[in-house]
Protein chains: 2
Amino acid sequence: MKMNNSKVDSLLTGGESGELTDKQKRIVEAAIEMFSEKGFAASSTSEIAKRAGVAEGTIFRHYKTKKELLLAIVTPVMGNLVAPFIVKDLEKVLEKDYEFYEEFLEAMVRNRQAFIQKHLSIVRILVQEIPFHEELRGQFIEHVAKDLYARFANIVSHFQEKDELVQMPPSSVVRLTISSILGFFLARYIFLPEHEWNEEEEIEMTIQFIMNGVKAR
Amino acid sequence: MKMNNSKVDSLLTGGESGELTDKQKRIVEAAIEMFSEKGFAASSTSEIAKRAGVAEGTIFRHYKTKKELLLAIVTPVMGNLVAPFIVKDLEKVLEKDYEFYEEFLEAMVRNRQAFIQKHLSIVRILVQEIPFHEELRGQFIEHVAKDLYARFANIVSHFQEKDELVQMPPSSVVRLTISSILGFFLARYIFLPEHEWNEEEEIEMTIQFIMNGVKAR
DNA sequence: TACTTAAATGAGTGATTACTCACTTTACAA
DNA sequence: TTGTAAAGTGAGTAATCACTCATTTAAGTA
């Protein structure tokens, strides 16, 4: 297996069962590969088993259904999408660490980019499967999108109060900021992954672009 | 059928066979619904036939394979994604109709938004299926992405020469512009379609945001 | 009206699928 | 070493799938 095992270790062992058995790891790894390459619906448990080097029945020893396997893979990653925003005493952290919105923005973009890079296949699965799975979409909206918007809006308010950002509904600043970043990440990682991207330059440019778009005038 | 038939008429009859028969139309409409709701792989020809009110074999009278049905649906729409940019004598059109990049941008965003709205289900299918179908992705890259970038870059150059836009590689301006718009459209139509969007306001805001990001300083 | 061609049908086909379960193998404790 | 529980296996199951094709129906022409 050429798979980078840190992908399995770092996020998928936080469950109630703790450590995954070797075979379970291989099942998860094979499923991650297949789901991201072919999509959930076009990936058969038979092929996942073959790829993992286990019997098909073994998959169902560990996961009741094929869908449960999918959810076990994407749920932790989805839960972590908002991670940088879940900080106690956010105001204090902002005051201490980020004098300007630009600094916060840069830290956040780089942090999320590193996260995406690290869990690329799983993020791909998430993006690709959300339109087709009600429970996934429901979770995404309730536990990611809403939370992200609310917390991010607080951050924007913080910098608006320092007259750093343009006076506009915070949720609008959030929406514009996220759209730009999302548009870049999706093109970069989902739609045109083979394109030659100068990542560093694109990130820098995106941040400047966003800053020019939302700074106080 | 509650389906708006203009979706079938306006883009899917330009083929070599001209008019579609009534049953063919119903097959296409049912397939559009199913593919966009469930994805290609999870949509069965049996269910498409049932939804269209025809026998399953009828699908294969008109389309050799299920994949051919998919391609017949998305290919015309994909070909039209670049339509606004395929104009003879582009320079003359720009000089005559668009004094500022902002005017061009607004016209283009509204035009594409109207197009997406009109062919929403098909655009959804396209976006959802591109990661899984090599030929789709190949076509998208060769006939849409590259063309769009090249032509858009010419447009940006045009306005840069008028000192209207910041001096930066045209392809970068294109990338930033498209990322913002793409991010908005994807959130609006694919990831969070149930959210209450004030479309007019969001478009206006997005255009101002982009202009602030790329206008000459 | 009869004949021919085209369109549509639906039963059938071989393959594939998610999952089950009887059996086998492995791991652990006494 | 023996016994028990856990993990793993792979043949089998009922259902589903994309597609075929013999037959029926519909449409058009003379």
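By convention in this document, chain letters (A, B, ...) are assigned in the order of the sequence lines, proteins followed by strands, and residues within each chain are numbered from 1. No hydrogens, no waters, no symmetry mates; every other heavy atom, side chains included, goes into these values.
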*Intermediate values then yes/no, ring-ring contact (aromatic ring centres under 6.0 Å, His included), A:F40 and A:H133*: CA-CA 10 Å; A:F40 174 77; A:H133 303 270; 5.2 Å; yes
*asked:* If we ignore hydrogens and angles and just use 3.5 Å, is the side chain of A:R26 paired with the main-chain N or O of A:G53 as donor and acceptor?
replied: yes
*asked:* Is there a side chain to side chain contact (heavy atoms under 4.5 Å, CB included) between B:I155 and B:Y98? Walk through the geometry before answering.
replied: CA-CA 11 Å; B:I155 292 166; B:Y98 306 107; over 6 Å; no
_Polar contact flag, side-chain donor to acceptor under 3.5 angstrom, B:Y101-B:T177_ = yes
*asked:* Rounded to whole Å, how long is the line connecting atom NZ of B:K23 with atom C1' of C:dA8?
replied: 6 Å
*Between A:R51 and A:E37, does at least one N-O distance fall below 4.0 Å, as a salt bridge requires?*
yes
*asked:* Could you check whether any side-chain N or O of A:S43 sits under 3.5 Å from a backbone N or O of A:M34, counting only pairs where one atom can act as donor and the other as acceptor?
replied: yes
_Distance-only donor-acceptor check, side chains A:Q113 and A:Q117, under 3.5 Å_ = yes
*How are the rings of A:F115 and A:H119 set relative to one another: parallel (under 30°), tilted (30 to 60°) or perpendicular (over 60°)?*
tilted
*What bend angle does the helix from C:dT1-D:dA30 to C:dA30-D:dT1 show across its length, from five-pair end axes and to the nearest 10 degrees?*
0°
*Report yes or no: do B:S180 and A:S180 form a side-chain donor-acceptor pair below 3.5 Å?*
yes
*Should the pair B:R124-B:E33 be classified as a salt bridge under the 4.0 Å nitrogen-to-oxygen rule?*
no
_I need a per-nucleotide contact map over nucleotides 16-22 of chain C, read 5' to 3'. Cutoff is protein heavy atoms under 4.0 Å; write B for the base, S for backbone only, - otherwise._
-SBBB--
*Start and end of the DNA chain D segment that chain B contacts, any atom under 4.0 Å from a heavy atom*: D:dC17 to D:dT20
